[in-house]
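Order of appearance sets the numbers: ligands from 1, and atoms from 1 within every ligand.
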Amino acid sequence: MDSPLNSEIESFFDSAPPLNDRAAISEKLKEFIALNSSESGTRRVACVTSGGTTVPLEQRCVRYIDNFSSGHRGAASTEHLIKMGYAVIFLYRRGTCEPYCSSLPDDAFLECFEVTKESAVQVCQPYSEAVKRAIRDHHAAVAGGLLLKLPFTTIFEYLQMLQMIAVSSRSLGPCSMFYLAAAVSDFYVPWKSMAEHKIQSGSGPLDIQLLQVPKMLSVLRKEWAPMAFCISFKLETDAEILLEKADMARKKYGMHAVVANELLSRKEQVVVVTNNGKIPVYRDKTSSDSDVEKPLTKLLVDRHSVYIKDSNT
Ligand code: PMT
């Protein structure tokens, strides 16, 4: 049936510039999913989205509207999911946190290295263990076929890639999980009505109309990947409205769980909202290198196990 939402979604995709590397992405997805589905049993595969999408204001983009997200949540969750036996498709904003990099210095990458007298490059002593661990763990995950990293920048790239991943993972049935931690733009300028060249500041105040990005959560659930276990995130800055909005989103988009988080406390606590109630999850404060993503992913993996069992009976 042709609903108003479907026609909004259609016109969003029609107006989007085509992905440059669609064929290569499609090939990588096909290989990754085939590798993780075997006759001896399908491995669970999670698509973790991470980082914020941008909305370009010009086709030859100089200016854009950005969405806040460091990508820490998505990167840390990916590491925990892989440890718990999942293969992960990490759909992330270029330049934000990546799995296995959290113990490396953020701003001083070159300070990790030095050039020896023999002109070789070596890791400086204080970073040596952290760099070795990051390289080893990252290599093991990628070479072992457990991690596929797909970068995006704009809202157009993000939603086209999310759709490709969802449709390609259909064959995994209930073993597929969507963990939608990316901060997704709510408003955009359609590509066809966007200025081609840099908008000139001499023409006075800027007056642009932004259209609403259609929420793709219900189409993801109902059409793209109807058997998948779907978790979305709800971010608010006002704690008073957070849980109510998370529960509304769960019902409206048919999510299996919505993770409610408040901007300032998001690294310490979140609340998982399901049809059975609201479960608070806390970071273990007794350990300095703990994160809230560890108990959060554990809880969601347990829920996913129940979902798979119920789907198979
Ligand atoms: O990256 P960090 O700095 O560690 O922070 C993590 C986080 C705060 C970004 C993350 O935990 C989080 O809350 N991500 C979702 C933020 C968000 O976009 O919330 P929202 O209320 O705008 O959207 C709710 C859900 O709808 C999201 O799962 C989003 O994927 C989805 N959405 C949003 C807009 C849109 N047009 N379409 C969508 O499908």
I'd like to check which ligand 1 atoms, numbered from 1 as shown, lie under 4.0 Å from a non-hydrogen atom of [X].
X: A182; value: 14 (N), 15 (C), 16 (C), 18 (O), 30 (O)
X: V213; value: 36 (N)
X: M216; value: 39 (O)
X: S232; value: 28 (O)

Examine distances only and state if a side-chain atom of [X] and a backbone atom of [Y] form a donor-acceptor pair shorter than 3.5 Å.
X: R44; Y: S176; answer: no
X: R266; Y: L263; answer: yes
X: S169; Y: L172; answer: no

- Among G51, G52, S69, which one has a heavy atom closest to atom 1 (O) of ligand 1?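 Shortest heavy-atom distance from atom 1 (O) of ligand 1: S69.
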Below 3.5 Å, N or O to N or O, backbone or side chain included: is there any such pair between [X] and ligand 1?
X: A181; result: yes
X: S185; result: yes
X: A183; result: no
X: F68; result: no
X: R266; result: yes

- Message: Please determine whether the number of non-hydrogen atoms from other residues, nucleotides or ligands lying under 6.0 Å from atom CD of E244 exceeds 12.
- Response: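 Count not over threshold, so no.
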Just need the protein heavy atom nearest to [atom], so name the residue and atom and give the distance.
atom: atom 8 (C) of ligand 1; answer: N261 OD1, 3.4 Å
atom: atom 31 (C) of ligand 1; answer: L217 CD1, 3.9 Å
atom: atom 4 (O) of ligand 1; answer: R73 N, 2.9 Å
atom: atom 35 (C) of ligand 1; answer: V184 CG1, 3.7 Å
atom: atom 19 (O) of ligand 1; answer: L235 N, 3.7 Å
atom: atom 20 (P) of ligand 1; answer: K234 NZ, 3.9 Å
atom: atom 23 (O) of ligand 1; answer: K215 NZ, 3.6 Å
atom: atom 24 (C) of ligand 1; answer: F233 O, 2.9 Å

Distance-only side-chain donor-acceptor flag, [X] / [Y], under 3.5 Å:
X: N67; Y: R93; result: no
X: T297; Y: S77; result: no
X: H80; Y: D291; result: yes

- Measure up the F152 and Y158 rings against each other and bin them: parallel (under 30°), tilted (30 to 60°), perpendicular (over 60°).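 The arrangement is perpendicular - the two ring planes meet at more than 60°.
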- Task: Could you label the plane-to-plane angle of the H256 and F229 rings as parallel, tilted or perpendicular, counting under 30° as parallel and over 60° as perpendicular?
- Result: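 Answer is parallel, since the angle falls under 30°.
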- Message: Using the rule side chain to side chain contact (heavy atoms under 4.5 Å, CB included), only one of N261, L242, L243 pairs with E236; which is it?
- Response: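 Only match with E236 under side chain to side chain contact (heavy atoms under 4.5 Å, CB included): L242.
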- E268 and R283 ion-paired at < 4.0 Å: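 Salt bridge: yes.
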